[in-house]
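A short write-up of the structure that comes next.
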Amino acid sequence: MILEALGSVLIGLAIAYGAGRWQPRRFHSRRLLLSTGPAAALLGSLLTHAVLGSGHTPTVLIVALGFSVALLSLLVRPTSRLRRSAPA
């Protein structure tokens with residue numbers, strides 16, 4: 001359980017760091033990005049471990065990766081504002 005939690009936090013941190021390096025302008029706050037990734041991965045791993053039980057470490061880590069990516073995608077802001085034309 002400890003290794004699953006540690007592994008999921010490291011996965012979340014790696015995903016968050018990679019997202020911040022890949023497109024830094026798309027995220028509002030780097031501090032929020034680097035804290036959301038590991039927290040989301042840890043939440044995903046704890047939920048998966050509670051549902052599946054012990055002995056499913058690869059599945060737990062894959063779900064932790066998915067949780068981290070899903071919650072980090074909520075932090076992405078659009079690149080440009082939508083332009084609305086004036087009514088005729």
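Remember, predicted model here, so these are calculated numbers, not experimental data.
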| query | When rounded to the nearest 0.5 angstrom, what distance separates CG in Leu32 from CG in Leu75? | reply | 5.0 Å
Ignoring hydrogens and angles, write down the donor-acceptor pairs under 3.5 Å from the side chains of residues 59-72, residues two or more places apart or on other chains.
| unit_1 | atom_1 | unit_2 | atom_2 | d |
| --- | --- | --- | --- | --- |
| Ser68 | OG | Gly37 | O | 3.3 |

| For residues 29-40, which residue pairs qualify under side chain to side chain donor-acceptor pair (under 3.5 Å), counting only residues two or more places apart or in two chains? | none
| query | With side chains defined as the heavy atoms from C-beta onward, is the minimum distance between Met1 and Leu46 less than 4.5 Å? | reply | yes
Compile the donor-acceptor pairs under 3.5 Å between side chains in residues 5-24 and protein atoms, sequence neighbours left out, one pair per line.
| unit_1 | atom_1 | unit_2 | atom_2 | d |
| --- | --- | --- | --- | --- |
| Ser8 | OG | Glu4 | O | 3.2 |
| Ser8 | OG | Ala5 | O | 2.8 |
| Ser8 | OG | Ser45 | OG | 3.2 |
| Gln23 | OE1 | Arg26 | NH1 | 3.4 |

| Quick check: are there more than 12 heavy atoms from other residues, nucleotides or ligands sitting under 6.0 Å from CG of Leu74? | yes
